[in-house]
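Values in this document were obtained by computation on a predicted structure and should not be read as measured data.
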Amino acid sequence: MKRYFLYLLLFSLLPVLSASAQILNDSTQNVYGTKTTKTYLENDFLRGDYTLRRVDTALTNMHQARNWYHDTTFHQDLGNVGTAAKPILWQFPQKIGVRLGKNAFDRYAYKPESITYFDTKSPYTHLFYVQGGQGEQVFEAKHSRSITKNANIGFAFERMSGEKQFGVQPSLGKETQTQHTGFVLFTHLQDSTGKYHLFSNYIHVDHDLAETGGIRIGAEATRDSVFGVFSGGDAPAWLMQAANEEKRNSFHLTQFYTLAKEYIKVFHTLDFRHQYNKYFDNQVNRYGAKQPPLLYPAIEVDSTKTDDRSWYREMENTVGITGNHPLFVYKLYARRRDASINLNTRSQIDPIDSTRVTEGYRRSFGQNFIGGETQFRLKDIFNITVNAEYQLFKDYLATASARVKYFTFSQTRSSYSPTLVQQFMASNHFNWNNNFDNIVADRTAASVQGTLWRNTLTAELARVNLQNYVIYNKLAEPEQLSKQLSFYTAFVHHHLALKNFHADHVFSYNQLNNAEEIRMPKWLVNSRIYYQGSLFKNALFGQVGVETYVTDSYYADAYMPVTQQFYLQDNFRVPGSNFTSKPYPVVDLFLTVDIKSFNGFVKMSHVNQGYPQAGYFSSPYYPGMGRSFVFGIKWMFFD
């Protein structure tokens, strides 16, 4: 923990060390603050929206763990900070062409295309820190300053970690399960005329996860053996010396030049991405001939040690023209993507002849794309949007939507290639070389969004149809389905404000009768009820309330650490296992406060542990976090 307070101290000193820092006495008013520090996104500028927005100081959802990461949607994880995760609700793929397919740690990584840029009149520093009673820690520091009127630079650093909740070796005491470090450098430059803009960022992410394989229970599982993990004692884990390592590096650059006011702009985007993954286990033969269930179905190369590695590289160049007018927006582009993948597994060095066996697979790809987007809009009453991308002679993605005041109708269709991991695998435990057909997906949706009196409502009803869909079957291997899948989804977000009292509810319903291979809860509810206003005799402004998250009981996908994929299983229900099919609510009590440029929160998470049962499971065989006290701060400096 000491190193996190060292980080806090270091970044707290940045405003003091800055050349522009001011020394103020009690009678001097600091003119810098949220009104002089603005943010914007690259894509907004490219579309002609040069609106500068105030830096985010909102209290809402600050206490919610989903908002500590870079993807705030609902996820199924392994019950701890930084563990492998997948979206609970099915998402339509937004990228066609070659893709790696190792996405278990996506929600924790900075995204090159969504980096926030700053316009600062004085150096700006942002600190965010969370400490939980179960050993979870999250830290982020961000700093930005304008070098000149037309140039801004900045950087951000983040670190998160979590301690093992089970499977701890008694001789080691507390053990770290997850460690994550992320770093981003970003800059925005423009010329004195405002016609030329350059956005650029470099990202490095290092993510390590000690894999446990879930709690170890015998073939004759009992309620006590399953729920014993919540009784206060430790529960054994399947894996003791296994880990996943992932390193990501990316460089992103977009530049555009205005030729004819906002009507014609030429742009170029360069993206380079590299992802390295390693899975190793030094105790593959820990159980002798009896392999752990749900984990290692076979031994391909080495019966004592697993050392699987993969390297994926991708380079993209996109050139095009774009423009906008009060009545329309358009964009046309061409893209070249060059990618390569290298998969291999290695055996131990033979002590007799010092040889090492290495089996693997390598392949390179060169792909060309054309695409475009157009939108016709009439004030805030009506707009039609059409966008499409086509990989020459292979994949395509097309979306059309029409909005009339509060109502929107959309149709999306895509034919996309399976991921590289679904096609090829070289591992000590899995080996496949598939030649799958393209997956075809259709989504039809209707939504409504508006405000009436003190109610704000967003609702959507959608139908999804899938052909040639690829799943990971019960053997944790990819399989292309010959049948057609179809399902319906409904999503509602409602907010009610009655003076200082607020009720915020999210509800999702999924009808999966014709898509049993898509594993989602039939329904999901997240409810937050809170008071917002002056607290403690007007001493400060804040929120105090209760938040509840609950889903239907269902056979959620299990997790395969070797391939970092979630796969079908019919043996374990979440959140309550097979011994109860009842839903299990997770209830948090929270208090957030706002004191000028300082925000903070305290919460008692999972306050209801023990009712209606001892605990819950976030994924099959992976228990969710127990009751704990969590606090966090967000501190902003403007000089």
Side-chain angles (χ1 to χ4, degrees), residues 84 86 93-106 109 111-113 203-209 243-252 270-280 300-302 306-318 335-347 356-369 389 391-395 397 415-439 468 470-472 476-480 560-567:
K86 59 165 286 192
Q94 297 301 310
K95 184 176 180 179
I96 60 175
V98 61
R99 304 171 325 283
L100 175 59
K102 289 193 173 183
N103 309 113
F105 305 128
D106 277 6
K111 308 295 189 297
E113 66 280 1
I203 297 174
H204 172 77
V205 176
D206 194 339
H207 196 100
D208 298 328
L209 172 63
N244 259 305
E245 298 179 2
E246 180 172 290
K247 298 183 187 297
R248 300 186 184 191
N249 294 282
S250 68
F251 176 74
H252 172 84
L270 168 68
D271 277 300
F272 170 78
R273 304 179 183 90
H274 171 255
Q275 183 171 327
Y276 166 76
N277 290 89
K278 177 182 177 181
Y279 176 78
F280 63 92
E300 300 286 346
V301 177
D302 195 323
T306 294
D307 186 353
D308 294 345
R309 307 187 188 194
S310 70
W311 294 262
Y312 177 74
R313 292 178 177 86
E314 181 180 287
M315 176 76 78
E316 278 189 351
N317 275 284
T318 305
R335 175 179 296 145
R336 170 71 180 186
R337 181 184 302 162
D338 292 284
S340 66
I341 184 172
N342 185 359
L343 298 164
N344 69 47
T345 183
R346 307 177 180 187
S347 68
R356 178 190 290 272
V357 176
T358 301
E359 295 187 0
Y361 184 90
R362 181 179 178 85
R363 188 170 177 182
S364 298
F365 305 85
Q367 300 180 340
N368 299 300
F369 303 79
E389 183 173 81
Q391 178 201 343
L392 298 185
F393 318 116
K394 184 66 172 176
D395 297 3
L397 170 65
S415 173
Y416 60 97
S417 303
T419 66
L420 294 180
V421 175
Q422 290 172 338
Q423 299 274 31
F424 319 111
M425 177 55 60
S427 163
N428 193 29
H429 306 289
F430 296 94
N431 198 328
W432 59 71
N433 189 345
N434 298 315
N435 186 26
F436 290 145
D437 295 328
N438 267 24
I439 302 166
N468 302 328
V470 176
I471 63 167
Y472 286 89
E477 298 176 351
E479 176 185 337
Q480 187 156 56
M560 170 52 67
V562 177
T563 58
Q564 294 183 17
Q565 305 299 323
F566 288 81
Y567 66 97

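Remark: side-chain polar atoms of Asn277 are not paired, donor with acceptor, to backbone N or O of Ser310 under 3.5 angstrom. Side chain of Gln480 to main chain of Asn468: a donor-acceptor pair is present (N/O by atom type, distance under 3.5 Å, no hydrogens or angles). In this structure, Trp311 contributes its side chain and His274 its backbone to no donor-acceptor pair below 3.5 Å. Panel note: side chain Gln423, backbone Phe436; a donor-acceptor pair is recorded below 3.5 Å. In this structure, the side chain of Glu316 does not engage the main chain of Arg335 through any donor-acceptor pair within 3.5 Å. With hydrogens and angles ignored, the 3.5 Å screen pairs a side-chain donor or acceptor of Asn244 with a backbone N or O of Pro561. A donor-acceptor pair under 3.5 Å links the side-chain atoms of Asn428 to the main chain of Val301, judged by distance alone. Here the side chain of Arg248 pairs no donor or acceptor atom with the backbone of Ala109 at under 3.5 angstrom. Here the side chain of Glu300 pairs no donor or acceptor atom with the backbone of Thr345 at under 3.5 angstrom. Put simply, the side chain of Asp307 never gets that close to the backbone of Arg346: no donor and acceptor are under 3.5 Å apart.
The CE atom of Met560 sits 10.5 Å away from atom CD of Gln565, with the distance rounded to the nearest 0.5 Å. For the atom pair CG of Asn249 and CD of Gln275, the computed distance is 10.5 Å after rounding to the nearest 0.5 Å. The NZ atom of Lys111 lies 14.0 Å from the NE2 atom of His252; values are rounded to the nearest 0.5 Å. Note: Tyr416 OH to Ile96 CD1 = 12.0 Å, rounded to the nearest 0.5 Å. Lys247 contributes atom NZ, which lies 3.5 Å from atom CG of Asp206 (distance to the nearest 0.5 angstrom). Here Lys394 contributes atom NZ and Asn368 contributes atom CG; the two are 14.5 Å apart, rounded to the nearest 0.5 Å.
Between Tyr312 and Lys102, every side-chain heavy-atom pair lies at or beyond the 4.5 Å cut-off. With contacts defined as side-chain heavy-atom distances shorter than 4.5 Å, the pair Thr563/Ser427 does not qualify. For the pair Thr419 and Leu100, the minimum side-chain heavy-atom distance is 4.5 Å or more. Taking the side chain as every heavy atom from C-beta outward, Phe105 and Val205 never approach each other to under 4.5 Å. Residues Tyr472 and Gln422 are in side-chain contact: their nearest non-hydrogen atoms beyond the backbone lie under 4.5 Å apart.
In Asn435, the CG atom is not crowded: 12 or fewer heavy atoms of neighbouring residues, nucleotides or ligands sit closer than 6.0 Å.
One side chain, Ser415 or Asn438, offers a donor N or O that lies under 3.5 Å from an acceptor on the other.
Between Gln367 and Gly97, the shortest heavy-atom contact is OE1-CA, 3.5 Å. For the pair Val98 and Ala339, the tightest heavy-atom approach, listed with the atom from each and the gap, is CG1-CB, 3.9 Å. Scanning all heavy atoms of the two residues, the minimum distance from Pro478 to Val470 falls at CB-CG1, 4.2 Å.
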- Item | Test log, rule side chain to side chain contact (heavy atoms under 4.5 Å, CB included), inputs Leu397 and Phe369 | CA-CA 11 Å; Leu397 170 65; Phe369 303 79; over 6 Å; no
- Item | Derivation of the side chain to side chain contact (heavy atoms under 4.5 Å, CB included) call for Phe424 and Asn433 | CA-CA 5 Å; Phe424 319 111; Asn433 189 345; 3.5 Å; yes
- Message: Determine whether Arg313 and Asp338 satisfy the following criterion, side chain to side chain contact (heavy atoms under 4.5 Å, CB included), listing intermediate values before the conclusion.
- Response: CA-CA 8 Å; Arg313 292 178 177 86; Asp338 292 284; over 6 Å; no
- Message: Is there a salt bridge (charged side-chain N to carboxylate O under 4.0 Å, His left out) between Lys95 and Glu314? Walk through the geometry before answering.
- Response: CA-CA 14 Å; Lys95 184 176 180 179; Glu314 181 180 287; 3.1 Å; yes
- Message: Let's go through Tyr279 and Gln564 carefully: what are the C-alpha distance in whole Å and the side-chain angles of both, what is the deciding distance for side chain to side chain contact (heavy atoms under 4.5 Å, CB included) to 0.1 Å, and is it a yes or a no?
- Response: CA-CA 9 Å; Tyr279 176 78; Gln564 294 183 17; over 6 Å; no
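The side-chain tip of Lys278 does not point at the ring of Tyr276 from less than 6.0 angstrom away and within 45° of straight on.
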